[in-house]
Peer 1: 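Here it is: the structure, laid out below.
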Amino acid sequence: MLKILKYSFYDLMRSRWSYVYFLFYLLLGFVLLFLNNDVSKAVITLMNIIIVLVPLIGTIFGIMYCYNSKEFTELLLAQPIPRRSIFLGQYLGVAGSLTFSLVFGLGIPFVIYGLFKSNAIFDFTLLLVTGAFLTMIFTALAFNIAISNENRIKGFGYAVLLWLFMAVIYDGLFLISLILFEEYPLDNFSLVATLLNPVDLSRTLILLKLDISALLGYTGAVFKQFFGTNAGLVISALMLLMWTVLPVWRIVFVAKRKDF
Amino acid sequence: MKATFYFLIFSFATSVFAQNPGRIEICPTCEVKTLKDGIEAGMKGDTLLIREGIYKEFNIVVNKPLILQGEPGSVIDGEDRGEILRIVSDSVTVDGLTIRNVGTSYMTDWAAIRVVKSRHYRIQNVTLENLFFGIYLERSDHGVVVNNRILGDATDEYNSGNGIQLWYSKHVDVEGNHVQGVRDGIYLEFADEVRIADNVSTKNLRYGLHFMFSNNDIYTGNTFEDNGAGVAVMFSRNIRMVGNTFRKNWGSASFGLLLKEINDAEISGNTFEENTIGINIDGSNRVVYSDNDFIKNGWAVKVLGACYTNTFSRNNFLYNSFDISYNSKMNDNIFDGNYWSEYTGYDLDKDGVGDVPYRPVKLFSYIVNRTPETIILLRSLFMDIIDFSEKVSPVFTPDNLVDANPMMKKQQ
């Protein structure tokens with residue numbers, strides 16, 4: 001598995017898109033800091049980007065890689081290598097290189113601009129960790145789509161739809177249901193609904209650090225416990241982990257049974 | 001005749017001499033062992049020097065102009081049995097004493113130091129511990145309360161008192177005090193022309209500073225941190241609030257500053273940092289807000305209606321979750337020349353003023369007012385899209401609520 005991981009990783013690291021992705025974040029980090037000159041404001045802007053862009057790139061990149069390396073995968077399948085290793089190796093290679101680009105692309109400008117001297121370091125670390133999680137989650141979901149759909153056009157369609165749903169449509173439905181049922185106690189519902197979408201989940205995780213004063217304005221006891229104590233942080237982190245592990249497990253599960 | 005006159009002059013002179021300020025020492029091993037005896041023995045203008053030691057006394061009445069000078073380590077312990085020091089004479093000074101264990105009563109407001117219908121008093125460098133009410137000024141004008149430390153351990157609002165309370169007291173100077181762990185740090189009721197400066201009020205159950213029906217007061221340079229609900233100014237006129245710091249007042253009913261029925265006030269140069277609500281405004285008119293910094297609050301300013309002719313100018317709104325929140329479509333307040341960290345416009349003529357007006361009220365704040373649970377969608381892409389469309393064509397938010405001259409740079 002490590003060999004395949006290494007192969008995938010180096011293959012991607014050499015590819016143009018990885019560089020583009022890395023340079024994009026590098027440029028973004030520098031521009032943000034150059035324009036604002038204030039680390040804490042840059043962290044807020046960055047949050048918006050991470051929540052929207054990282055899942056999109058993870059999805060598109062994942063599905064592209066899957067379809068492009070199909071012949072190579074089939075070649076590997078002919079060798080005496082366990083399927084688990086092939087697919088996990090490929091997945092970790094893609095997710096790893098994307099995470100690498102993200103962390104270093106954003107990390108370098110922030111470190112140069114004196115992150116270690118600023119008190120935003122914890123917020124920033126949280127941001128990068130969430131970004132890494134989102135990359136892993138959405139790459140895994142893309143792999144799932146690719147493995148279940150032979151038709152590339154369909155697969156791409158589903159992938160884009162998945163992103164659109166998670167990033168925008170879900171929140172819209174969420175908001176409508178909250179307003180429709182405003183007569184009822186909704187704090188349990190809204191917390192559960194948040195946990196069911198990795199994008200919302202990461203957003204909440206970052207909000208816990210950035211906007212805690214606003215979140216504590218709401219009176220609900222469940223909210224208060226979730227936001228006011230470390231329970232929120234722990235539960236959100238666990239749910240993110242679940243969101244990573246389950247799709248990865250499904251890749252292996254489906255790949256083992258699939259007739260190539 | 002002449003002789004009697006000289007005699008009269010002479011006797012008057014001697015009597016004046018006799019009343020010349022003397023000094024009475026009080027200590028556990030002295031001739032005078034208690035404050036009560038000391039006060040009885042003292043004459044007008046005498047200094048009672050209270051040496052180190054613990055004096056277990058309560059209901060001490062100071063009924064003549066005396067100076068109560070406590071040495072370090074001089075402690076009056078009320079043993080929770082009642083009021084401790086009651087000043088009923090003009091020109092009394094209390095300095096350097098430590099007073100502790102004031103009794104709790106549900107019938108009368110027992111205080112560590114109560115000044116009743118007296119003038120020209122001075123209370124300084126006093127430390128109060130384990131108290132019900134701290135310094136209670138009752139119908140007492142022209143006094144000074146400086147550099148005292150009031151350290152309470154209140155846990156419930158219903159059985160705790162206020163740190164410094166002014167009731168029908170005018171022209172009082174409250175300066176440099178540190179108040180913590182009581183119900184209201186400083187409480188003013190019917191107290192006019194009062195100056196409150198450079199105090200620190202923290203960790204109080206209810207308000208750091210509380211005004212009721214008090215007019216023409218000024219408070220400057222104070223710090224209010226981590227109180228139940230910051231500062232409340234209610235039903236008062238002509239209050240000046242300058243250069244104060246309001247920090248970390250978190251909670252569902254928590255704010256840095258609450259204004260209720262306040263008219264003609266000035267709020268300038270203050271810093272509101274990390275409060276759930278920076279300023280909560282309810283029924284307040286003709287208030288001028290200028291040069292304040294609102295940093296990282298949940299809501300920087302929350303307007304609850306019936307607020308007319310207020311002006312917001314030259315303020316900095318930095319990284320608040322919501323800058324301004326309105327609950328109605330009507331607006332009669334002016335926003336001009338503020339700096340908004342969320343402003344995205346440009347400045348082509350380079351005069352430091354943005355060319356595009358800024359709309360500080362987001363649609364999302366309107367939705368959150370209606371359905372509080374939606375706060376969980378804060379900063380989501382969907383909300384940003386909705387806010388953007390509302391910004392382009394306002395439907396739910398007041399359409400004349402704009403800052404036509406938003407600053408491009410933060411004001412120092």
Side-chain angles (χ1 to χ4, degrees), chain A residues 36-38 40-41 43-45 47-49 51-53 55 164 166-191 193-195 197 199-200 203-204 206-207 210-224 226-228, chain B residues 230 246-256 272-278 280 294-300 302 317-323 325 340-344 362-387 408-410:
Chain A
N36 291 315
N37 237 327
D38 182 353
S40 38
K41 193 185 175 183
V43 165
I44 294 179
T45 318
M47 185 198 97
N48 286 325
I49 288 162
I51 276 168
V52 178
L53 230 50
L164 201 66
M166 291 297 197
V168 186
I169 300 171
Y170 188 87
D171 288 344
L173 294 175
F174 189 6
L175 180 70
I176 289 169
S177 53
L178 281 179
I179 290 178
L180 273 182
F181 298 108
E182 64 181 353
E183 313 285 317
Y184 300 89
L186 286 172
D187 40 352
N188 269 319
F189 166 73
S190 48
L191 281 181
T194 309
L195 294 178
N197 181 349
V199 177
D200 277 349
R203 189 171 45 77
T204 322
I206 300 167
L207 285 188
L210 289 183
D211 293 277
I212 185 69
S213 37
L215 291 171
L216 283 175
Y218 177 63
T219 35
V222 183
F223 260 41
K224 207 165 213 166
F226 189 82
F227 293 131
Chain B
F246 305 79
R247 293 191 71 229
K248 290 206 172 166
N249 298 294
W250 282 357
S252 52
S254 217
F255 26 74
F272 298 86
E273 207 177 339
E274 292 183 54
N275 304 292
T276 296
I277 300 171
N280 197 45
F294 298 89
I295 308 167
K296 290 187 190 166
N297 300 290
W299 285 259
K302 196 166 191 173
F317 291 86
L318 308 170
Y319 329 123
N320 303 296
S321 305
F322 302 100
D323 287 333
S325 150
W340 313 86
S341 64
E342 279 191 28
Y343 180 60
T344 48
K362 292 183 194 165
L363 174 63
F364 185 34
S365 73
Y366 175 85
I367 295 175
V368 170
N369 275 343
R370 213 184 110 164
T371 319
E373 289 87 354
T374 50
I375 185 80
I376 203 150
L377 290 168
L378 182 66
R379 291 191 201 283
S380 66
L381 181 61
F382 186 74
M383 279 333 298
D384 288 349
I385 295 170
I386 284 194
D387 279 341
M408 292 307 288
K409 282 213 167 76
K410 192 173 128 186

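No experiment lies behind these values; they were computed from the predicted model shown.
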Peer 1: What residue in A/L175, A/I206, A/T204 has the most heavy-atom pairs under 4.5 Å with chain B?
Peer 2: A/L175
Peer 1: Could you tell me which portion of B/D384 (side chain, backbone, both or neither) has an atom closer than 4.5 angstrom to a non-hydrogen atom of chain A?
Peer 2: side chain
Peer 1: Are any non-hydrogen side-chain atoms of A/L207 and B/R379 less than 4.5 angstrom apart?
Peer 2: yes
Peer 1: Tell me, side chain or backbone of B/L318 under 4.5 Å from chain A's heavy atoms, or both, or neither?
Peer 2: neither
Peer 1: Need one label for B/S380: side chain, backbone, both or neither, based on atoms under 4.5 Å from any heavy atom in chain A.
Peer 2: both
Peer 1: Measure across A/L178 and B/T371 and return the closest heavy-atom pair with its distance rounded to 0.1 Å.
Peer 2: O-CG2, 3.6 Å
Peer 1: Is it the side chain or the backbone of A/V52 that comes within 4.5 Å of chain B heavy atoms, both, or neither?
Peer 2: side chain
Peer 1: Below 4.5 Å from any heavy atom of chain B, which atoms of A/S190 appear? Answer side chain, backbone, both or neither.
Peer 2: both
Peer 1: Nearest 0.5 Å, what's the CD-CG distance between B/E373 and A/N188?
Peer 2: 10.5 Å
Peer 1: Would you check if the side chain of A/R203 reaches a backbone N or O of B/L378 as a donor-acceptor pair within less than 3.5 Å?
Peer 2: yes
Peer 1: Give the intermediate values and the outcome of side-chain contact (heavy atoms from CB on, under 4.5 Å) for residues B/L381 and A/D171.
Peer 2: CA-CA 8 Å; B/L381 181 61; A/D171 288 344; 5.6 Å; no
Peer 1: With a 4.5 angstrom heavy-atom cut-off, which part of B/I277 approaches chain A: side chain, backbone, both or neither?
Peer 2: neither
Peer 1: A side-chain contact here means heavy atoms from C-beta on lying under 4.5 Å apart; do B/T374 and A/E182 qualify?
Peer 2: no
Peer 1: To the nearest 0.5 angstrom, please state how far the CG atom of A/D200 sits from the CZ atom of B/F382.
Peer 2: 11.5 Å
Peer 1: Can you confirm whether B/I376 sits close enough to A/F174 that some side-chain heavy atom of one is under 4.5 Å from a side-chain heavy atom of the other?
Peer 2: yes
